[in-house]
Amino acid sequence: MKGRAPGASTIAIHGDVAARAPGSSVAPPVFQSSTFVSPFGPVDEVLYTRYGNNPNQLRLAERLARLEGAEAAIFVASGMGATALAHLAVLRPGDHLLSSEWIYGGTRKLFTEDFAQLGIDVTFVNPDKRRDWRSRFRRNTRAIFVETPTNPVMRVLDLDWLSVLTQERGVPLIVDSTFASPINFRPLEHGADVVIHSVTKYLNGHSDIIAGAVAGTEAVIEEVRNRMKVWGQALDPHAAWLIERGMKTLVVRMARHNATGLAVAQWLEAHPKVRRVAYPGLASHPDHELAKATLDGFGGMVGVELAGGPRAAERCLKALRLITHAPSLGGVESLVSEPRFTSHAAMTAEQRSAAGIPDGFLRLSLGLEDPEDLIADLERGLAAA
Ligand SMILES: Cc1ncc(COP(=O)(O)O)c(C=O)c1O
């Protein structure tokens, strides 16, 4: 695996934004204030929480920028807010966006329905068909968007390859890196220009906040900030404070998610009631070599296709006691969901099957519980399947 300079994330996460005065609190205060006292006369900047310049919002942004190796970052009220604003920062009516077709359902809806209304045309590309990225690129194509690793089959995309095209054409490569977190993968190191996170997932890590973030150049983040000020997706200061607390354990959480993900994926792959396991840490995964070369960890998301199909999946879900049946991912507790009823409900069974998500496919988000207890729970579930 790629490995990372020791201490890089320590400074990003624990490094102080300002020198600590004696007597100041060790934990940062929450600035639960919508507005701040202004000096008299003209001012360069008005402090107002909707503008994203509340100290809790700024502390977080600085930490994520350092984690991603970006010039700047900004946190907003949801992952979808981050996706919308990152694109609106670089696209205008009449522009064209090339997007991977392996993306989150909400993002697909944003592109096909809302962007169409704004006069932004989107073409979807199967990332496996490399030639299509070039042949579908138009004169008015202004950005390329991808997600990696992808939901729920954990395909890992080759950004070093794709960024040759975006750099040659002078358009930004926008990457939703939610599934990796900046601990496992940093897209900017592979030629990407803009990184998006659903902070709801690993960055916060406790399934108690909805938030999103964008990282990139100062110029792009300034555009995002300007859109956010008028479209109104600022993050609440208390949520920002909780996210900063969550991020303090990001490195240790990811280490545990990575270890448990691999252990559970290996165990599942050897189980007779399992037809296929989708996990980039397994030699059977189509992107295993690329994942080994580019990721610092394979993550805690595991896709599993049961040999007995949808009925078996239902029986398995009902028998689980520790792993909770709920959408979302990246929290301290393990969750399981069926993509056919959640993220991929809009597709037909045939389309899902072609995408490697046949009915009977379960998506696991492995949390921080003892891996042996998780395996015992899965054993119970599979016994009933
Ligand atoms: C990869 C990915 N991106 C974006 C989102 C949207 O994030 P949020 O729910 O925080 O708006 C999700 C939500 O599941 C997601 O899985």
Side-chain angles (χ1 to χ4, degrees), residues 45 50-53 57 61 64-65 68 70-127 132-148 157 159 162-178 187-188 190-198 211-235:
E45 191 191 18
R50 197 188 77 237
Y51 293 173
N53 52 19
Q57 299 163 331
L64 181 66
E68 290 289 4
E71 275 175 29
I74 188 166
F75 279 67
V76 298
S78 70
M80 282 309 300
T83 305
L85 292 177
H87 286 85
L88 293 178
V90 300
L91 299 170
R92 300 287 174 267
D95 286 350
H96 173 247
L97 170 72
L98 259 189
S99 169
S100 161
E101 63 181 35
W102 300 339
I103 58 171
Y104 171 61
T107 307
R108 180 177 268 268
K109 205 167 152 61
L110 172 78
F111 289 171
T112 52
E113 296 176 18
D114 293 59
F115 279 15
Q117 281 181 24
L118 295 176
I120 297 167
D121 204 11
V122 185
T123 303
F124 294 97
V125 173
N126 178 333
D132 287 0
W133 289 111
R134 275 185 187 278
S135 65
R136 302 209 173 156
F137 201 99
R138 299 186 196 160
R139 265 213 309 258
N140 61 337
T141 303
R142 293 283 175 267
I144 288 188
F145 171 78
V146 299
E147 221 174 273
T148 183
L157 270 57
L159 301 190
L162 194 54
S163 62
V164 170
L165 174 63
T166 50
Q167 280 163 15
E168 179 188 298
R169 305 291 171 105
V171 304
L173 175 57
I174 306 175
V175 179
D176 183 330
S177 191
T178 298
L188 301 186
H190 299 272
D193 301 282
V194 182
V195 183
I196 294 169
H197 284 284
S198 167
V214 186
T217 59
E218 188 57 66
V220 167
I221 299 307
E222 183 59 22
E223 279 295 317
V224 173
R225 189 175 299 118
N226 290 337
R227 304 275 92 69
M228 183 194 72
K229 283 181 180 177
V230 290
W231 290 58
Q233 297 103 322
L235 183 64

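Excluded from the calculations below are hydrogen atoms, water molecules and symmetry mates; all remaining heavy atoms, backbone and side chain alike, are included. Since this is a predicted model, take the numbers as computed values, not measurements.
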Look at the side chain of Q57 and the backbone N and O of F75, then say whether any donor-acceptor pair between them is shorter than 3.5 Å.
no

Taking D176 for the side chain and V195 for the main chain, is one N or O donor matched with an acceptor at less than 3.5 Å?
no

To the nearest 0.5 angstrom, please state how far the CG atom of L85 sits from the CD1 atom of I221.
10.0 Å

Taking side chain as C-beta onward, heavy atoms only, is L91 less than 4.5 Å from L97?
yes

Which of R142, R139, R134 passes side chain to side chain contact (heavy atoms under 4.5 Å, CB included) with R169? Answer is R134

Could you check whether any side-chain heavy atom of T148 comes within less than 4.5 Å of a side-chain heavy atom of V175, counting everything from C-beta outward?
yes

Tell me the closest heavy-atom pair linking A82 and V76, and the distance in Å.
N-CG2, 3.4 Å

Does any N or O in the side chain of E68 come within less than 3.5 Å of the main-chain N or O of A215, such that one atom is a donor and the other an acceptor?
no

What's the shortest heavy-atom distance between E101 and F124, and which atoms?
CB-CB, 3.9 Å

Quick check: closest heavy atoms across A86 and V224, and the distance to 0.1 Å?
CA-CG2, 4.1 Å

For S78 versus G81, what's the shortest heavy-atom pair and its separation?
OG-N, 2.9 Å

Heavy-atom nearest pair, I174 first then A143, reads CD1-CB, 4.0 Å

Looking only at heavy atoms, the pair that brings W133 and S99 closest together is CH2-C, 4.0 Å

Stepwise, does the side chain to side chain contact (heavy atoms under 4.5 Å, CB included) test hold for H96 with I120?
CA-CA 6 Å; H96 173 247; I120 297 167; over 6 Å; no

Any residue meeting salt bridge (charged side-chain N to carboxylate O under 4.0 Å, His left out) with R50, in chain and number order, not counting sequence neighbours
none

Is there a side-chain contact between L165 and I144 (heavy atoms, below 4.5 Å)?
yes

Start with the C-alpha gap between D132 and N126, add the side-chain angles, then the distance that decides, and say whether side chain to side chain contact (heavy atoms under 4.5 Å, CB included) holds.
CA-CA 8 Å; D132 287 0; N126 178 333; 5.5 Å; no

In the structure I gave you, are the side-chain heavy atoms of V220 and E222 within less than 4.5 Å of one another anywhere?
no

Under the criterion side chain to side chain contact (heavy atoms under 4.5 Å, CB included), I'd like the reasoning laid out for L157 against W102: C-alpha separation, chi angles, the key distance, then a yes or no.
CA-CA 10 Å; L157 270 57; W102 300 339; 4.0 Å; yes

For D95, give me all partners under side-chain hydrogen bond (donor to acceptor under 3.5 Å, both in side chains), at least two apart in sequence or on another chain.
none

Please determine whether side chain to side chain contact (heavy atoms under 4.5 Å, CB included) holds for the pair D121 and R138, giving the CA-CA distance in whole Å, both sets of side-chain angles, and the decisive distance to 0.1 Å.
CA-CA 11 Å; D121 204 11; R138 299 186 196 160; 2.9 Å; yes

Taking only Lys NZ, Arg NE, NH1 and NH2, and the carboxylate oxygens of Asp or Glu, determine whether E223 and R92 approach each other closer than 4.0 Å.
yes

Pair K109 + D114: basic N to acidic O under 4.0 Å
no

Between R108 and E113, does any side-chain N to carboxylate O distance fall below 4.0 Å?
no

With a 3.5 Å distance limit and no angle check, can you tell me whether T141 reaches the backbone of F137 through a side-chain donor-acceptor pair?
no

4.5 Å side-chain heavy-atom contact, T217 and D193
no

Is the closest side-chain donor-acceptor distance between S163 and H190 under 3.5 Å?
no

Euclidean distance, L98 CG relative to R136 CZ, rounded to 0.5 Å:
8.5 Å

Does the E147 side chain pair with the main chain of Y104, one donor and one acceptor, at a distance under 3.5 Å?
yes

Does the side chain of L159 reach to within under 4.5 Å of the side chain of V146, using non-hydrogen atoms?
yes

Could you walk me through whether F111 and H87 pass the ring pair (Phe, Tyr, Trp, His ring centres under 6.0 Å) check?
CA-CA 10 Å; F111 289 171; H87 286 85; 4.9 Å; yes

Is there a side-chain contact between P172 and V90, using heavy atoms and a 4.5 Å cut-off?
yes

So, T166 side chain and L173 main chain: donor-acceptor pair closer than 3.5 Å or not?
no

